[in-house]
Amino acid sequence: MVKIFELENIISIKDFTRSDIDYILNEASTLENVAQSKEISEELKGKILGLMFFEPSTRTKMSFETAMKRLSGQCIGFENTGSSSVSKGESIADTAKMYEGYCDALVIRHELEGVSKFISDVVDVPVINAGDGAGQHPTQTLLDLYTIKKEIGNIDNIKIALIGDLKYGRTVHSLANALTLYDNVELYFVSPPELKMPQEILHDLDKVGMSYKEVSNISDIIDKVNVLYVTRIQKERFVDIEDYLKIKGAYIINKKMLEGKDLIVMHPLPRIDEIACDVDDTKYNKYFTQAANAVPIRMAILKTLIKNNPK
Ligand code: NCD
């Protein structure tokens, strides 16, 4: 049988073609009933997923666990290094080798860029990057694209503003890279000057001739877009906390600003203060739906990778 999805690891969204993304998005929609517990699936019965979370996580870890369990698989792992032998000084490579012996696939979150790639080079089971420092967060991007497609109907032709911490936010790095695969996207970057999109990503966009505009005020773009993608200022990545305090609260979206607009508000979460709670009960709020979409998307990823790459 010809394999349509050839990737063995999910490290960076830059490794995806548009048809790879379509494959996962289509697979996710066929798994919606299982994700919502309306149907039972035994697709991954007997399989074990290893979760190595060196950095905190709520949604990513829980949705990978839910996805694996909905497919009748099981999970093992840790969410702080204190409960693993990493705290005794074991190297990441040795820990990963142990997991390779026990699991059918590995999900890694780490504060350093490149760690998932490094691990994928030392183990033979599929490795999924669940966020590497300020680098990439490819599975978040897949669920972001899935949400846009479901809510707007298309990804081509969208007008989207990425707002907040564009320097350290890995979700916006992956999303900007992915949008280069779509046609006629109008892309705006809204951030304080200190937290602009890194040159490396701008270079990726320039290379494929994708245009974008960098602005510093939400009022410059709010009437132009159909998606506001809001992000948290990544406090943990600041070297000097004073710099964080100066910028904190720079952008806050509230209900009044949105009234009469034809747009949706997305956020990878956690939110701190960048979306006021009065937006939660409005039609603009798609951030909780977005978080729920993580389950069918991560089911599609796990099913595809584990079935395509049996041990
Ligand atoms: C994001 C992350 O960890 O990069 N959260 C997530 O995975 N949904 C965003 C963030 O922490 O701000």
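In listed order, ligands and their atoms are each counted from 1.
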note = atom 8 (N) of ligand 1 has as its nearest protein heavy atom Pro268 O, 2.9 Å

request  = Mark up the atoms of ligand 1 that fall under 4.0 Å of a heavy atom belonging to Thr60, in ascending order.
outcome  = 6 (C), 7 (O)

request  = Using a strict 4.0 Å cut-off to heavy atoms of Gln140, name the atoms of ligand 1 that fall inside it.
outcome  = 6 (C), 7 (O), 8 (N)

ask   = What part of Thr231, side chain from CB on, backbone N/CA/C/O, both or neither, has a heavy atom under 4.0 Å from ligand 1?
value = neither

query = Thinking salt bridges, do Lys307 and Glu43 make one under a 4.0 Å N-O criterion?
reply = yes

Atoms of ligand 1, numbered as shown, that sit under 4.0 Å from any heavy atom of Pro270 = 10 (C), 11 (O)

task = May I ask you to check whether over 12 heavy atoms, not counting those of Ile241, lie within 6.0 Å of atom CD1?
result = yes

Value rounded to 0.5 Å, distance of CG in Asp204 from OG1 in Thr180 = 7.5 Å

ask   = Considering distance alone, does some N or O of Arg170 sit under 3.5 Å from an N or O of ligand 1?
value = yes

inquiry  = Can you tell me which portion of Glu55 lies within the under-4.0 Å heavy-atom range of ligand 1? Options are side chain, backbone, both, or neither.
reply    = neither

request  = Could you list the residues that satisfy side chain to side chain contact (heavy atoms under 4.5 Å, CB included) with Ser57, not counting sequence neighbours?
outcome  = Phe53, Thr60, Lys61, Arg109

request  = Kindly identify the option in Arg232, Arg59, His137 whose heavy atom sits closest to atom 11 (O) of ligand 1.
outcome  = Arg232

message = Under a 4.0 Å threshold between the charged nitrogen and the carboxylate oxygen, would Lys303 count as salt-bridged to Glu27?
response = yes

query = Starting from atom 5 (N) of ligand 1, which protein heavy atom do you reach first, and at what distance in Å?
reply = Leu269 O, 3.0 Å

message = Looking only at the side chains, is there a donor atom on one of His173 and Gln136 sitting less than 3.5 Å from an acceptor on the other?
response = no

Pairwise ring-ring contact (aromatic ring centres under 6.0 Å, His included) hits with a residue in residues 201-238, at least two apart = Tyr168-Phe238, Phe189-Tyr212, Phe238-Tyr244

